[in-house]
Amino acid sequence: RLRNEISELFRLAGIDHSSLLTVGECVSELKLARERVSLHLVDHNTLSPEFCGFEDFLHIFEFIQRVVEIIDHRKDEGRYPHVTGSMRTISYDPTI
């Protein structure tokens with residue numbers, strides 16, 4: 001269930017939240033469409049452990065190369081060094 005402010009944000013953006021995938025559904029879809037996948041990490045700068053099972057279907061390097069963008073506010077864990085410049089927006093501030 002979505003929080004009220006998230007539901008409102010989706011409504012304002014014209015996004016039908018019923019079209020969104022859960023992590024489990026996402027992993028299943030990745031297995032079916034692995035050659036057409038690009039991963040954009042938002043609000044995290046490393047993949048969730050739930051995605052580890054997908055790595056069995058691709059060589060680990062190929063899988064990591066699927067990460068093409070990162071937007072986050074946490075400390076950069078330094079993963080996916082191929083994602084650089086404007087595609088790597090990590091605004092961690094240790095003073096906050």
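The shortest heavy-atom contact between Tyr80 and Leu47 is OH-N, 3.0 Å. Across every non-hydrogen atom of Asp43 and Asp72, the tightest pair is C-OD1, 3.2 Å. Heavy atoms only, all atoms of each residue included: Asn45 and Arg79 are closest at O-CB, 4.5 Å.
Interatomic distance, Thr89 OG1 to Leu41 CG, rounded to the nearest 0.5 Å: 12.0 Å. Interatomic distance, CG of Leu12 versus OG of Ser7, reported as 11.0 Å (0.5 Å rounding). The CD atom of Glu77 sits 10.0 Å away from the NE2 atom of His44 when rounded to the nearest 0.5 Å. Of the inter-residue distances, the one linking Ile70 atom CD1 with Thr84 atom OG1 reads 10.0 Å to the nearest 0.5 angstrom.
No single ILVMFWY cluster, assembled from side-chain heavy atoms under 4.5 Å apart, contains both Tyr92 and Ile71.
Remark: Ser18 pairs with Asp16 by the side-chain hydrogen bond (donor to acceptor under 3.5 Å, both in side chains) rule, at least two apart or across chains. Partners of His40 according to the side chain to side chain contact (heavy atoms under 4.5 Å, CB included) rule, which considers only residues two or more places apart in sequence or in another chain, are Ser38, Val68, Glu69.
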Take Ile90 and Arg88 through the side-chain contact (heavy atoms from CB on, under 4.5 Å) test and state the conclusion after the steps. CA-CA 6 Å; Ile90 301 176; Arg88 187 182 198 95; 3.9 Å; yes

